[in-house]
Amino acid sequence: MFEQEIRRKAKELLEVKAVDLVIGYTSGSLPFQARPTLVSSPEDTEQLVWNHFCSPNLARYLLPYRDSSKKIALLAKGCDARAVVVLLREEQFPRERIHIIGLPCPGIISKRKLEEKLGEIKEEDFSWEESGFLCQGKKWEIDSFLEDTCVRCRYPNPPLWDDLIGEKRESRGSSVDYLERISSQSEEERWQFFTQELSRCIRCYACRNACPLCYCKECFAESDVPRWISGVPTLSDNSFFHLGRSIHLAGRCVECGACERACPEEIKIGLLPLKVEEIIKNSFSFEAGLSLEEEAPLLTYKENDPGEFIK
Amino acid sequence: MSEGLIAKRKWWEWIETKKDRIFLTERAKKRYGEWFPAEGKVVKSGKEVLFPSGEEMYRYLWAGEEWKIEEREVSGEFSFLFLLPCEARAIIEVTDKVFLHLPVDKNYWLRRKALSLGILACLQPEPTCFCSLVGGGPFWRDEEALFLVPRKEDIYIQGEGELLAFSEEGGEKIKEEMQALQQEVENELPSPLPSYFPQELYHHFEDEEWNELSWRCLNCGACTFLCPTCYCFDIQVKMWGDEGYRFRCYDSCMYSEYTMMAGGHNPRPTTKEKFRNRFLHKLEFFYERYGRSLCTGCGRCIAACPNGISIARVIEELKEADPDA
């Protein structure tokens, strides 16, 4: 999966001092896991990996360097690069200090789905190929093992890049059916669904902290004076937090699903921002993170702005 | 302690107690769910039963001329809690020490003295487990808690109490069988485990390694909230007009607000300081005060971390940085 090319490119950028740091993935502390890593010397580029488990959105790691002078190369899947575009549009990071190594994304595999279908799994029993893997003497397509957020991915290719490594990929799906399944339920069913999901939330804020676009220095959830939300994870406080977060992401969410994959309780937390993005798309024909030029609809006022979604 | 007693599979039905006062941890449920009735309440970890994620302490009300204060006391109703050795150790060796050390935390004490613990032997360690490294083990038991080993057809029970009156005598053969089983499970513990436990980590307070180790941490509180030994809490207030209530809820050293001072100074301003404090508290500061580490090797934090941070791996990496190790 172009791992060697990525290492070569990262090494080259560090050697010629085109960048000071490379942010990428390395193998995780558990099998079937990759974790973010920071590489600053050419020799260390060997630790970089690129596989079906490179889940975290690396754009999250740019902002700590905002006020430094470091030039950073970032490995970016389609959604990571979209998040970078939003950060650039919001003037959170200067374009000249970031070098995007774009990676057309084959989709992230859910370890849980692997275990559900294949039982107890060991890394050494797997042999990975371009579109699938060999395990237990059989060839498996990856489609049925993809994370839910990747099944509905429309933009596996980075919209912005300085180097692109790998072949461009077809879009995999969309969120239309998923949202329709929820919208078509009765009010009671929907209430029951959200109650069930949100009452499981322990408010660890992994969703917010994994999100590359939740970068407020002080989150409303942690504000002390006034205190908007209590520290007790009640259904009401949890709902307030997640609804508040979704509204704050309106017209900005790039649907990467980092929030959902970070959730230790496996709550379908990506659903709320996804619905908000659908409304934005239908009302303003706008999708976040696709272009550096297009104006963000909720940051610009036009007299003929549609307002049907406000009821 | 009575040794080697076997009860039939339906022993459970003999316990005369309200089912909603029986708790089973999520992990124990996952492993031994079939042994327990569905009416039992499933909790994330044992600490939730004794130290809930939110708890009202007292209410207050302006009664014309003076403030009226109404304390909230827990009932201290008898309850049963079934959990795995790593989770039981967290209560017996950690939260009991913290909350029952002077001054005694009243609500914790009321719940604790009414609680009967059942420790379920861990027959299926997970890849994230490292209990043996921190002094525990899949068959760790405590004198005052029932010790149970669910088997195919029956259950092995060791302990005191009326429960055993319903059991049949087991004998020497069963004792041997249990020892063999323990050996078998211990041999199955995931490998390689960190083979070293760091000592005197305060020498490493200023080490450069913390930058590298903490870099990927998101500062979310998933690890601390799911940890059976993390016991930090915050006290907050809700009020409207002339009345309100004060309550406590979990807090996490991963959050900025945790160390934020009046006036805006934060002594642990960045991820590095927060991360270093979490691990030093687990491996060093708690040890200095209570003579044991603040970790029972359950591995929940490793499984929960969205970015693959592992306390076992942190220990290994500290070892590499330690010339004396």
Side-chain angles (χ1 to χ4, degrees), chain A residues 21 23 25-38 40 44 53-58 60-61 64 111 120-123 200-211 214 217-219 221-225 227 229-234 237 258-266, chain B residues 26 44 48 52-56 124 126-128 190 211-212 215-226 233-239 245 247-252 254-258 260 262 264 270-272 299-314 316-317:
Chain A
L21 301 167
I23 296 176
Y25 300 97
T26 190
S27 48
S29 21
L30 294 172
F32 306 100
Q33 186 189 58
R35 58 182 194 166
T37 194
L38 187 64
S40 55
D44 289 345
F53 302 96
C54 295
S55 161
N57 189 323
L58 296 181
R60 153 74 176 70
Y61 288 93
K111 190 181 169 187
E120 204 177 315
I121 47 173
K122 286 196 184 118
E123 249 176 354
R200 275 172 26 231
C201 172
I202 57 172
R203 289 249 304 289
C204 66
Y205 303 127
C207 49
R208 177 194 71 186
N209 293 15
C211 174
C214 258
K217 281 200 169 151
E218 190 189 5
C219 176
E222 274 163 330
S223 153
D224 206 2
V225 188
R227 187 175 287 286
I229 305 183
S230 98
V232 187
T234 62
D237 290 293
C259 49
E260 206 166 290
R261 297 196 298 275
C263 180
E265 296 296 320
E266 298 186 356
Chain B
E26 250 175 23
K44 291 199 172 73
E48 215 176 297
S53 58
E55 173 174 31
E56 196 178 306
Q124 302 143 325
E126 290 171 25
T128 46
N211 289 316
E212 154 65 17
W215 175 80
R216 61 178 63 82
C217 174
L218 296 172
N219 280 145
C220 74
C223 50
T224 58
F225 288 174
L226 297 175
F233 60 83
D234 189 19
I235 293 178
Q236 298 179 1
V237 68
K238 252 194 185 169
M239 80 178 284
Y245 62 91
F247 60 98
R248 72 172 173 196
C249 51
Y250 291 171
D251 201 351
S252 168
M254 291 285 109
Y255 299 161
S256 282
E257 206 195 330
Y258 183 83
M260 184 64 84
T270 70
T271 302
K272 176 186 146 185
R300 278 160 198 265
C301 55
I302 305 176
C305 181
N307 278 357
I309 294 170
S310 153
I311 185 168
R313 196 148 159 183
V314 168
E316 280 291 306
E317 287 176 34

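Below, read A as the first sequence line, B as the second, and so on, with proteins coming before strands; counting in each chain starts at 1.
Across all their heavy atoms, A:Leu30 and B:Pro127 have their closest contact at CD2-O, 4.5 Å. Of all non-hydrogen atoms in B:Trp215 and A:Ile23, the two that sit nearest each other are CH2-CG2, 3.9 Å. Closest approach of B:Arg216 to A:Thr37, counting heavy atoms only: NH2-OG1, 3.9 Å. For the residue pair A:Cys204 and B:Ala222, the shortest heavy atom distance occurs at CB-N, 3.3 Å. Between B:Leu226 and A:Glu265 the shortest heavy-atom distance is CD2-OE2, 3.9 Å. Scanning all heavy atoms of the two residues, the minimum distance from A:Tyr205 to B:Tyr255 falls at CD1-OH, 3.5 Å.
Residue with the most contacts toward chain B among A:Arg208, A:Arg60, A:Arg261: A:Arg60 (heavy-atom pairs, distance under 4.5 Å). In terms of heavy-atom pairs under 4.5 angstrom with chain A, the leader among B:Ser256, B:Gly221, B:Gly54, B:Pro52 is B:Gly221. Most heavy-atom pairs under 4.5 Å with chain A, from the set B:Thr224, B:Leu218, B:Ile302: that is B:Leu218. Counting heavy-atom pairs under 4.5 Å between each of A:Pro233, A:Gly231, A:Pro64 and chain B puts A:Gly231 at the top.
The salt bridge (Lys or Arg N to Asp or Glu O under 4.0 Å) test applied to B:Glu257 returns A:Arg227, not counting sequence neighbours. For B:Asp234, there are no salt bridge (Lys or Arg N to Asp or Glu O under 4.0 Å) partners, not counting sequence neighbours.
Annotation: the span from B:Phe225 atom CZ to A:Arg203 atom CZ amounts to 8.5 Å, rounded to 0.5 Å.
Proximity to chain B (any heavy atom under 4.5 Å) is restricted, for A:Thr26, to the side chain, taken from C-beta onward. Only the side chain of A:Gln33 comes within less than 4.5 Å of a heavy atom of chain B; its backbone N, CA, C and O stay farther away. Within the 4.5 angstrom heavy-atom criterion, atoms from both the backbone and the side chain of B:Ser53 approach chain A. For B:Cys301, no part lies near chain A; criterion is any non-hydrogen pair under 4.5 Å. Only the side chain of B:Phe247 comes within less than 4.5 Å of a heavy atom of chain A; its backbone N, CA, C and O stay farther away.
With hydrogens and angles ignored, the 3.5 Å screen pairs a side-chain donor or acceptor of B:Arg313 with a backbone N or O of A:Gly28.
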